[in-house]
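The first residue in the sequence is number 1, and the count goes up from there.
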Amino acid sequence: MALDRLLRPRSVAVVGGGAWCANVIRQCQKIGFTGTLWAVHPTKPDIAGVAAFPSVDALPGVPDAAFVGVNRQATVEVIAELSRRGAGGAICFASGFREANAELKDGADLQAALLRAAGRMPILGPNCYGLINGLDKVALWPDHHGMVAVDRGVAIVSQSSNIALNLTMQKRGLPLACLVTAGNQAQTDLSAIGTALLEDPRVTALGLHIEGIGDLRRFEALAATAHAVGKPVVALKVGASDQARLGAVSHTASLAGSDAGARALLARLGIGQVDSLTTFLEVLKLLHVTGPLPSNRIASMSCSGGEAGLMADLALGRDVVFPPLSREQRTALREALGPKVSLANPLDYHTYIWADRRAMAACFAAMLDDDIALALVVLDFPRSDRCTAPEWDLVIEAAADAMAAKGRPIAILASLPETLPERVAERLIARGIIPLCGLNDAMDAIGIAAKVGLRDKTSPLLLPAPDGPGTVLTESASKAELKAYGLAVPRAEMAATAAEAGAVADRIGGRVVVKAEGVPHKTEAGAVRLGLTGGEEAKQAARKMAAKSYLVEEMIDNVVVELLIGVLRDEAHGMVLTLGAGGTFTELLDDTTHLLLPVTSPQIDAALNTLRIAPRIGGYRGAPPADRSAIVSAVLAVQDYVMAHAERVFEVEINPLLCTPNRAVAADALIRLRET
């Protein structure tokens with residue numbers, strides 16, 4: 001469904017007579033729209049000074065785009081008229097459709113009628129403000145906004161109209177090319193909108209505010225388009241809910257909800273994820289000026305020891321690195337700064353060279369080593385209403401000189417947003433210098449810019465099974481299912497009575513484990529006994545459990561580490577694979593990492609390295625290492641099972657996976673399936 005006419009219209013119809021519709025006309029005029037502008041109202045002669053026609057059918061031409069600002073029932077009728085006339089698309093401002101189904105029982109039915117009325121004509125919303133296109137000077141927007149006409153810039157798609165409005169009011173120098181709100185995405189979702197915006201050569205990067213993803217395949221297509229055209233995408237994903245945990249009975253469900261799925265999805269597709277609106281703006285600004293960074297290795301320069309120390313501290317816990325100075329950097333810096341300055345990264349270059357453009361340029365250029373992806377000059381500008389500060393302009397000139405000499409990017413970083421005026425930020429961008437506001441946001445933005453665009457080269461996502469009532473298999477049945485796909489499990493037999501449990505223990509020999517069958521979280525329930533020797537001990541242990549049946553299995557010795565492997569159906573994001581510390585302290589340690597199926601052996605191996613217990617896997621303090629290949633094989637066996645039963649699997653868990661120097665054995669297993 002083509003969105004060109006809707007997003008970049010040359011003729012616009014505004015349907016409705018309220019204040020919102022009058023404001024759309026004013027905003028179109030204010031931003032400089034030069035196309036044809038029509039108003040539609042059955043009785044009013046004009047809307048905001050624009051002559052009104054009594055109906056859509058009475059218009060002298062076919063509009064490329066329409067803003068429909070009438071009540072919800074009338075919206076359906078107007079959309080039908082626009083579709084019949086061949087309009088390029090429409091914005092449905094009214095609410096009270098499926099998004100309000102809990103309050104209005106006819107909401108879903110009315111939305112279905114709206115979709116039938118639209119047919120193949122694109123619509124945005126309902127329950128959305130619309131769009132502002134600063135590139136083509138169009139503002140189908142019923143409220144105030146802060147955007148102006150631009151030649152190029154970033155595009156933003158938001159599921160919240162109010163958040164979108166607030167973003168337009170930023171004073172950080174970020175050029176906004178186009179902003180579109182998606183509303184409840186009855187027909188056209190943010191993936192379709194984002195894809196259309198990415199294809200505009202004037203758009204440099206895309207920002208997404210996401211409350212929910214309706215179609216995973218279209219979202220994958222959005223990421224593929226971004227990769228193909230070489231434009232970065234950044235997302236602020238909100239709404240971390242317990243949706244994926246409903247009805248779950250495993251440890252995995254307490255560790256991997258929809259937030260984990262969202263993070264895994266964005267990482268897999270190479271979409272940078274931010275956790276605040278301020279970081280969202282800063283990373284988009286960075287990406288607009290330079291594009292993705294080749295690495296997270298950066299340099300910092302300031303004329304303050306306090307600022308240098310603060311910058312060093314801010315790197316802790318963030319995905320940025322201040323590499324030590326090279327010999328070449330030290331030599332060049334010593335020549336530029338003289339003998340009194342202590343050389344380090346972050347660098348305090350003192351005030352010896354302040355207001356000396358040539359010396360500052362030499363200092364900045366010296367820091368721009370080939371190993372440095374971005375150099376930061378920490379600089380806070382004085383208040384223009386109280387101070388005159390021409391020396392600060394020399395720093396900008398020196399930064400530009402250093403960039404020209406070395407061909408590498410520099411950012412001017414203000415510690416406070418208030419100390420980087422918008423006019424200065426705009427001037428910096430025009431010079432190719434990145435203006436960054438706020439130390440914390442800037443450091444987060446740099447870490448994201450160094451990772452954005454790095455996509456996992458794997459098969460399309462495994463889509464989750466349809467929802468429905470579920471059933472949980474017993475441990476023995478779960479192990480049998482997974483063993484058929486290559487998962488190693490202990491030698492075991494079922495026993496109906498305590499006496500039979502003793503007999504089974506004698507047959508297995510050595511130390512054994514006795515478990516009450518059908519009890520989740522056995523340790524907490526006292527339904528498992530480990531390290532039993534001989535049939536008598538096994539019989540007495542089973543008798544104390546007083547269960548209907550028992551699972552008796554060999555005791556796995558020489559365990560190096562216990563892991564968890566879990567797969568959880570996440571309706572919004574796919575099948576979430578959780579790897580982490582296992583055993584009785586799973587939730588306490590909360591040491592997990594998340595991927596989306598399908599995965600490859602190298603991805604599993606890399607994910608294991610991100611765990612805090614990774615040193616234990618590799619052999620800690622002289623202990624033997626676990627069989628890493630066996631661990632990877634166990635994960636792949638679980639994946640093979642899930643993919644073979646994708647239409648039914650809700651969750652699978654191995655906890656613990658007992659990892660020894662030569663084996664990886666599932667000591668416990670759980671499978672929950674959709675009932676057939």
* To do: Mind checking ring pair (Phe, Tyr, Trp, His ring centres under 6.0 Å) for Phe322 and listing every partner two or more places apart, or none if nothing turns up?
  =>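 Phe322 satisfies ring pair (Phe, Tyr, Trp, His ring centres under 6.0 Å) with no residue once adjacent residues are dropped.
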* Qualifying salt bridge (charged side-chain N to carboxylate O under 4.0 Å, His left out) pairs, either residue in residues 172-196, two or more places apart ->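 Sorted result for residues 172-196: Arg172-Glu282, Asp189-Arg218.
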* Look at Lys231 together with Asp200 and state whether they make a salt bridge at an N to O cut-off of under 4.0 Å. =>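 Salt bridge flag = no for Asp200 with Lys231.
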* Asked: Side chain of Asp570, backbone of Met575: donor and acceptor closer than 3.5 Å?
  ->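 Absent.
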* When you measure from the side chain of Glu675 to the backbone N and O of Pro469, does any donor-acceptor pair fall under 3.5 Å? ->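 Here the side-chain-to-backbone pair does not exist.
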Which atom names give the shortest non-hydrogen contact between [X] and [Y], and what distance separates them?
{"X": "Leu190", "Y": "Gln185", "value": "N-OE1, 2.8 Å"}
{"X": "Glu220", "Y": "Pro460", "value": "OE2-CA, 3.5 Å"}
{"X": "Pro346", "Y": "Ala312", "value": "CG-N, 3.8 Å"}
{"X": "Ala373", "Y": "Leu293", "value": "O-CD2, 4.1 Å"}

Report yes if some heavy atom in the side chain of [X] is under 4.5 Å from a heavy atom in the side chain of [Y]; otherwise report no.
{"X": "Leu206", "Y": "Val157", "answer": "yes"}
{"X": "Leu413", "Y": "Met311", "answer": "yes"}
{"X": "Val150", "Y": "Leu135", "answer": "yes"}
{"X": "Thr578", "Y": "Leu568", "answer": "no"}

* To do: Would you please say whether a donor-acceptor pair under 3.5 Å links the side chains of Asn184 and Asn127?
  =>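 No.
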